[in-house]
Novice: 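Here you go, one structure.
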Amino acid sequence: MRRSLPLLLAALLALLLAPPAQAAPGFRTSYETIPGAGGTPLRAVVVEPTGRGGGPFPLIVLPSSWGLPNLEYVGAAAKLAHESGYVVISYTSRGFHDSGGEIDVAGPDTVADVSRVIDWGVAEAAGDPARVGVGGISYGAGQALLAAAADPRVKAVAALSTWTDLARSLYPNETVSAQGVELLLAAGHLTGRPGPVLREAETAYRRGRFADVLPISPPRSPATRVSSIKAAVLIGNAWNDGLFPPGQVTDFFTALTGPKRLMLSPGDHATAELFGAAGLPNEIWESVGRWFDHHLKGVANGVDREQPVQLKPANGGAWRGHPTWAAATARTEVAPLAADRIGAVRPTLAESGTVLLSGALQGFFRIPVGVSTPLVDRGAAAVWRTPVRWQPVTVSGTPRARLTVTPGATATTLYAYLYEVNPLGLGALVTHKPVTLAGTGTRVVDLALEPVVWQVGAGNRLVLVVDAVDARYGGTSTPGASVAFGADSSLSVPLG
């Protein structure tokens, strides 16, 4: 017993003097005020990893969406900090909720805020300046892309439901996306403090002079700065995005020269990634995590070896990979369109649906915007039917309508809708696009509809409908006016 006592005391002393065991990896959160551009206070939720030493840690900055606070990404931030060891800063964009300043519509101060948050994350939260990522949804996504063009510290970007060209998004082919504009204005007034740029833009819009707003677009559009973006960029958008449709995104993605990944899937604005922001299982956010892991931490997870273009059909099906956006189209079929005429401008059953609602119904429940083509008013719409598809086929790419048009009024807005129609004449909207024409002379209009991947069932056909009224848009058509379409018109359908 006497011999064992010194041994026991030595063992106890060794335990007392031994360094404490490393705590299991976890995370802690804090609510901080971060000085943005010009000292404007930005309110932020900061999520830091614990049990992983003292850092520095890879840093991810997440600016909030239009009208939403910094709690938007808390679930995703917690997962990134806990599971992967990131410092994540989710902050309220300037002009909204608890942050200071005024809304400048992704102007210079808002973009500079991203850099100031990075500064703070490096100085105060052990962020690694050599491993910085920026991401976000909608307004936050656009800020992420603009910040990547301005700040070389940004090495990786995840832009979800993003705009790349503000004018193309809200003023496609000189046609105001009225529902989208009204939604953004309402949210801005309800949740924030509009600055001079937004107030002047709203005044011009209310006076019917939306074209006067266009000068604010280029400096706020990542497409004008694409050559300055050296970061690895992941973009995730929805086919039916009612605010930022996919055509402007596919063009921007094609122009990017660095590491890149494009994911287009069913749904409307922010619906595909909605639950992932809350920390729930979500394939878009899973890809975001893998993207940041590889490009910020060097994890060999294979994301760099996968096909960079990932497309999920708008009406359901598995992901399809392609090396480029152009490769999604294997061939193109051209269908001639007979001469036709709209005798009067009035509403028809052909419609593009409601912003946010229609795309969400398509994405979550596969309930498309429908139409009964036999009931479409032939006096107010031109209707062209293509041959029946006796074998299933996939529309994959950007359909185009080449129309020889003679408007009967000095201002005319046309809406082209492409439907999949069954033998009973019941149709599901595949894609659409507006165009506004000035003058009465005959001209050829090469109208690119929004890109889509859509599986057409055996026994069905594609039907193109063109009318002059749609509740989603602020058109300029004159009631009672006519529009003639020439016999040399055609429809080009991209097939996968």
Side-chain angles (χ1 to χ4, degrees), residues 37 65-68 93-96 101-113 138-143 145-146 161-225 241-245 247-249 252 269 345 352 354-356 407 409-415 433-439 447 450 468-479 481:
S65 298
W66 186 275
L68 293 182
S93 297
R94 75 163 49 225
F96 289 101
E102 295 180 320
I103 305 168
D104 66 357
V105 194
D109 287 342
T110 292
V111 176
D113 285 342
S138 187
Y139 192 51
Q143 292 179 58
L145 291 171
L146 291 167
S161 292
T162 189
W163 85 90
T164 59
D165 188 317
L166 199 57
R168 283 182 64 181
S169 298
L170 300 178
Y171 195 53
N173 295 324
E174 301 184 2
T175 310
V176 178
S177 180
Q179 288 185 2
V181 171
E182 292 289 356
L183 181 64
L184 292 171
L185 290 174
H189 284 291
L190 182 64
T191 64
R193 299 166 297 282
V197 169
L198 184 55
R199 293 196 300 269
E200 291 170 9
E202 181 174 9
T203 298
Y205 164 68
R206 299 294 180 200
R207 293 176 178 175
R209 302 198 316 266
F210 199 84
D212 293 349
V213 183
L214 296 184
I216 76 169
S217 176
R220 291 167 169 79
S221 296
T224 63
R225 305 183 186 185
D241 194 315
L243 294 181
F244 307 137
Q248 40 110 32
V249 169
F252 175 81
H269 188 69
V345 172
S352 61
T354 303
V355 169
L356 296 186
T410 56
T412 303
T413 301
L414 298 177
Y415 305 93
K433 197 62 171 286
V435 60
T436 295
L437 309 175
L447 180 58
E450 287 299 333
V469 179
D470 189 296
R472 177 182 294 203
Y473 299 94
T476 60
S477 296
T478 303

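All residue numbers refer to positions in the sequence shown, counting from 1. Here the structure is a predicted model, which means the values were calculated and not measured. The analysis underlying the following values was restricted to heavy atoms, covering all of them including side chains, and did not include hydrogens, waters or symmetry mates.
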Novice: Hey, are the side chains of Val345 and Val469 touching, using non-hydrogen atoms and a 4.5 Å cut-off?
Specialist: yes

Novice: Could you tell me whether the side chain of Leu170 reaches within less than 4.5 Å of the side chain of Leu184, counting heavy atoms only?
Specialist: yes

Novice: Without swapping roles, check the side chain of Arg193 against the backbone of Gly101 for a donor-acceptor pair under 3.5 Å.
Specialist: yes

Novice: Is the shortest distance from a Lys or Arg side-chain nitrogen in Glu450 or Lys433 to a carboxylate oxygen in the other one below 4.0 Å?
Specialist: yes

Novice: For Ser138 and Ser65, indicate whether the former's side chain and the latter's backbone hold a donor-acceptor pair under 3.5 Å.
Specialist: no

Novice: Would Tyr473 and Thr436 count as a side chain to side chain contact (heavy atoms under 4.5 Å, CB included) here? Give the steps.
Specialist: CA-CA 11 Å; Tyr473 299 94; Thr436 295; over 6 Å; no

Novice: Passes side chain to side chain contact (heavy atoms under 4.5 Å, CB included), Tyr139 versus Ser93? Steps please.
Specialist: CA-CA 9 Å; Tyr139 192 51; Ser93 297; 4.0 Å; yes

Novice: Using the rule given for side chain to side chain contact (heavy atoms under 4.5 Å, CB included), can you reason through Ser161 versus Asp241, listing the C-alpha separation, both sets of side-chain angles and the distance that settles it, and then say yes or no?
Specialist: CA-CA 8 Å; Ser161 292; Asp241 194 315; 4.0 Å; yes

Novice: Is there a side-chain contact between Pro434 and Glu174, using heavy atoms and a 4.5 Å cut-off?
Specialist: no

Novice: With heavy-atom distances below 4.5 Å as the criterion, would you say the side chains of Asp165 and Phe252 are in contact?
Specialist: no

Novice: By the ring pair (Phe, Tyr, Trp, His ring centres under 6.0 Å) test, which pairs, at least two apart or in different chains, include something from residues 163-188?
Specialist: Trp163-Phe244, Tyr171-Phe210

Novice: Who are the salt bridge (Lys or Arg N to Asp or Glu O under 4.0 Å) partners of Arg220, not counting sequence neighbours?
Specialist: none

Novice: For Glu202, what residues pass the side chain to side chain donor-acceptor pair (under 3.5 Å) criterion, not counting sequence neighbours?
Specialist: His189, Arg206

Novice: Is a side-chain N or O of Arg225 found less than 3.5 angstrom from the main chain of Leu146, in a donor-acceptor match?
Specialist: no

Novice: Any side-chain heavy atom of Glu102 sitting closer than 4.5 Å to one from Pro196?
Specialist: yes

Novice: Please examine the side chains of Asp104 and Val197, heavy atoms only from C-beta on, and report whether any two atoms are closer than 4.5 Å.
Specialist: no

Novice: Contact between Val355 and His269 at the side-chain level, heavy atoms closer than 4.5 Å - yes or no?
Specialist: no

Novice: If we ignore hydrogens and angles and just use 3.5 Å, is the side chain of Thr413 paired with the main-chain N or O of Thr476 as donor and acceptor?
Specialist: yes

Novice: For a side chain to side chain contact (heavy atoms under 4.5 Å, CB included) check, start with the C-alpha distance between Leu198 and Leu185, then their side-chain angles and the critical distance, and finish with the verdict.
Specialist: CA-CA 9 Å; Leu198 184 55; Leu185 290 174; 3.9 Å; yes

